[in-house]
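Note sheet for the following structure.
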Amino acid sequence: MLQVQFIRDHKQAVLDGLAKRNFANAETVLNEVISSDENRRKTQVLLDNVLAESNSLSKEIGQFFKSGEVQKATLLKEKTGQLKEAAKKLTEELNAAANKLQELLYQIPNIPHSSVQPGNSEEDNEEIFAEGEIPNLGETALPHWELAKKYDLIDFELGTKITGAGFPVYKGKGAKLQRALINYFLDKNIAAGYKEYQVPHLINEASGIGTGQLPDKEGQMYHATVDDLYLIPTGEVPITNMFRGNLLSESDFPIKCTGYTPCFRREAGSYGAHVRGLNRLHQFDKVEIVRIQHPDTSYEALDGMVEHIKGILRELKLPYRVLRLCGGDTGFTAALTFDFEVFSTGQNRWLEISSASNFETFQANRLKLRFKNKQGKSQLAHTLNGSSLALPRVLAGILENYQTVDGIKIPEVLVPYCGFDMID
RNA sequence: AGAGAGGUGGCCGAGUGGUCGAAGGCGCACGCUUGGAAAGCGUGUAUACGGCAACGUAUCGAGGGUUCGAAUCCCUUCCUCUCUGCCA
C-alpha cells in the first residue's frame with residue numbers, strides 16, 4: 001500500500017510508475033485518493049473540534065457537580081446533547097471517508113523501481129544474466145514426469161486418489177532427494193547469515209492483509225472457513241508477519257530470516273501442458289528467505305539475495321538465467337523483482353524456480369513495520385523476500401538435466417545429504 | 001471441550017466513574033558529580049491522525065453500549081494463565 005502523503009507529494013512520479021504496469025485509470029484513481037484524503041482530513045478537523053468542546057464541557061460539569069452547583073451542571077448537560085449528535089454524525093462521515101480511502105489505496109500496486117522497463121507480460125522481461133551449460137541430451141531426453149515414473153520417484157495418481165490433482169506423493173529416493181534439497185538450501189541460507197524459523201502453515205486475516213494477499217487475492221488461497229484461517233501460499237506470509245506492528249531500532253538491521261514451509265495455491269484457472277508434472281502444483285515445498293532492511297540498504301540487500309541464489313544454482317550445476325521483470329509482470333506488491341529460471345532439458349523450456357523482490361515500504365505500510373531513525377522519528381522499513389528455492393521445479397530440473405542412460409546422477413553437493421549418488 | 005482468573009506504556013506494576021495518557025519502579029537518553037567508572041542527584045522518555053506552530057483528537061487486547069464524562073460499569077469477541085477432560 002502506497003502512503004497517501006507520497007501520492008500527494010509525488011503524483012506525477014506515481015502516474016509514471018503505474019504507466020509502466022499498464023495500470024488502467026491511474027489518473028482517476030489518484031484524483032479520487034487525493035480528494036478522499038482531503039475529505040477525510042477536513043472531517044477529522046471538524047470532529048476534533050466538536051470533541052474538544054464536548055470534553056471541556058464535561059470537565060466543567062464535573063467541577064459544578066463537585067462544588068454542588070447542580071443547576072449549572074444541568075444547564076450545560078443540555079448543550080452536550082447537541083454536540084453528541086454532531087460528533088456521531090461526523091464520526092460516521094470520517095469512517096466512511098477513511099474506508100473509501102483505504103479501499104482505493106488497496107487497489108493501487110507498488111511503484112516500480114526506476115530500472116524496471118514498461119511491458120505487458122513475461123515476453124517483455126529482460127534477461128540480465130545466464131550461467132551453466134545446457135546439456136545436449138538429444139532426442140533421448142525425457143521430461144521429469146516420465147523419469148519420475150520410470151524410477152518410481154513421484155506418484156501423481158496416488159496424490160489424486162488421496163486429495164486431488166496437483167498434490168503429488170514423493171516416494172523412496174524421490175522423497176529423499178527432496179528432503180536433501182530442503183536441508184541443503186537451509187544450510188546454505190544459515191551459512192549466509194539467515195536465521196532459521198519454523199512457522200505456522202495457516203494464517204489469519206490480518207497476516208494476509210499485511211503481506212498483500214488480502215483483500216484482493218483470496219481466490220488464490222485455500223480458506224479454512226470454520227476457523228477463518230488461510231493456508232499459506234508462501235512462507236513469505238508467516239515469516240514477514242512475525243514483524244507486523246513492530247517498531248525496530250536501527251541496530252536491529254539487517255534482519256535475515258529463512259524457513260522451510262509447504263505452500264498451498266488454488267491456481268484457479270490454470271490448465272494445459274504447462275501444468276504437467278511438477279510444473280504447477282496445489283501443494284509444493286519451498287525454502288524462503290526474508291529480509292527487513294533499512295531503506296538505504298534495501299537494494300544492496302536485494303543484490304545480495306540474487307548473488308546468494310546464484311551461488312546455490314552454481315553449486316547445483318544447473319543451467320539458469322536471471323530475468324528482471326517488466327512492469328506488467330512485476331507482482332502487485334513488488335517494486336523490483338528478479339526471477340530465476342532453470343532450463344528444463346526434457347521439456348525444452350525454462351522453469352521459474354525463484355523470485356526475489358524488494359517491496360520497499362509497500363508491505364511495511366500495511367504491516368506497520370517501522371523503525372526509529374536517527375532523528376528519532378518512526379519510519380517505514382523495507383521488506384524483501386526470495387525463494388531459495390522452490391522445490392518441485394528444482395527437482396524437475398535435476399531429474400531432466402542429470403539424466404543419463406544409466407540413471408539419474410545426483411549433483412555432487414547433494415550426495416552427502418542423499419546418501420546415494422545415483423538413481424537407477 | 002468445561003470451570004475459574006486475567007489482559008494497563010520498552011518491561012514490571014498501581015489505578016473500580018471526573019483534575020488519568022495514566023502513580024511508583026526498572027530500563028533507556030542527556031546533564032551534574034568523578035582522575036575515570038559505579039553509586040548518587042536532576043531532567044527527559046508511548047503511538048497515530050490533524051496543524052507552520054501553540055496545540056487539538058484518539059488509543060489502557062479489539063469492537064459495540066450506558067453516561068454530561070469510562071482504564072474503571074454492561075454486552076460481544078480475541079488472546080493468555082490455572083484446574084478438569086481429551087490427545088500427537
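Letters A, B, ... are given to chains in the order of the sequence lines, protein chains preceding strands, and every chain is numbered from 1.
Proximity of A/Asn55 to the phosphate of B/A58: a side-chain N or O atom is located under 4.0 Å from OP1 or OP2. In terms of phosphate contacts, A/Thr74 brings no side-chain nitrogen or oxygen within less than 4.0 Å of OP1 or OP2 of B/C68. Close to B/G69, at under 4.0 Å from its OP1 or OP2, lies a side-chain N or O of A/Lys84. Taking only side-chain nitrogens and oxygens, A/Arg41 comes nearer than 4.0 Å to OP1 or OP2 of B/G51.
In this structure, A/Tyr194 and A/His308 have tilted ring planes: the angle between them lies in the 30° to 60° band. Ring geometry, A/Tyr222 versus A/Phe264: the interplanar angle exceeds 60°, so the pair is classed perpendicular (tilted spans 30 to 60°). Relative orientation of the A/Tyr417 and A/Tyr184 rings is perpendicular, given thresholds of 30° and 60° on the angle between their planes.
Atom P of B/U59 sits at a distance of 15 Å from the matching atom of B/G9, rounded to the whole Å. Atom P of B/G10 sits at a distance of 13 Å from the matching atom of B/G61, rounded to the whole Å. Taking atom P in both B/G65 and B/U16, one finds a spacing of 26 Å when rounded to whole Å. Comparing B/G15 with B/G7, their C1' atoms are spaced 15 Å from each other, to the whole Å. A distance of about 28 Å separates the C1' atoms of B/G2 and B/C73, rounded to the whole Å. On the C1' atoms, B/U43 is 29 Å away from B/C49, given to the nearest whole Å. Taking the C1' atoms as reference points, B/G21 lies 9 Å from B/C60, given to the whole Å. B/U8 sits 15 Å from B/A62 when the C1' atoms are compared, rounded to a whole Å.
Atom CG in A/Asn49 sits roughly 11 Å away from atom C1' in B/G51 (whole-Å rounding). Atoms CG (A/Asn246) and C1' (B/A46) sit 15 Å apart, rounded to a whole Å. Following rounding to the nearest Å, A/Glu205 (CD) and B/G63 (C1') show an atom-to-atom distance of 14 Å. If you take CG of A/Asp37 and C1' of B/A48, they are 15 Å apart, rounded to a whole angstrom. Atom pair A/Asn39:CG and B/C49:P shows a separation of 18 Å (rounding to whole Å applied).
Taking the side chain as every heavy atom from C-beta outward, A/Asp228 and A/His223 approach each other to under 4.5 Å.
Contacts of A/Ser54 with the nucleic acid, taken as non-hydrogen atoms under 4.0 Å apart, are absent. Using a 4.0 Å heavy-atom criterion, one finds that A/Ile61 contacts the bases of the nucleic acid, with or without backbone contacts as well. As judged by a 4.0 angstrom heavy-atom cut-off over every strand, A/Ser58 is placed among the base-contacting residues.
Under a 4.0 Å N-O distance rule, the pair A/Lys100/A/Glu32 qualifies as a salt bridge. Of the charged side-chain nitrogens involved, at least one lies within less than 4.0 Å of a carboxylate oxygen, so that A/Asp37 and A/Arg8 count as a salt-bridged pair. The existence of a salt bridge linking A/Lys11 and A/Glu27 is confirmed by a sub-4.0 Å separation between a basic side-chain nitrogen and an acidic carboxylate oxygen. A/Lys188 and A/Glu315 are joined by a salt bridge, as a carboxylate oxygen and a charged side-chain nitrogen come within less than 4.0 angstrom of each other.
Nucleotides of RNA chain B nearest to A/Gln44 and A/Gly81 differ in position, and the one nearer the 5' end is that of A/Gln44. Along RNA chain B, the nucleotide nearest A/Gly62 and the nucleotide nearest A/Lys88 are compared for position; the residue whose nucleotide lies closer to the 5' end is A/Gly62.
With a cut-off of 3.5 Å on both pairing distances, the Watson-Crick and G-U wobble pairs of RNA chain B assemble into stems of 3 or more at B:1-7 with B:78-84, B:10-12 with B:24-26, B:27-32 with B:40-45, B:46-50 with B:55-59, B:61-65 with B:73-77.
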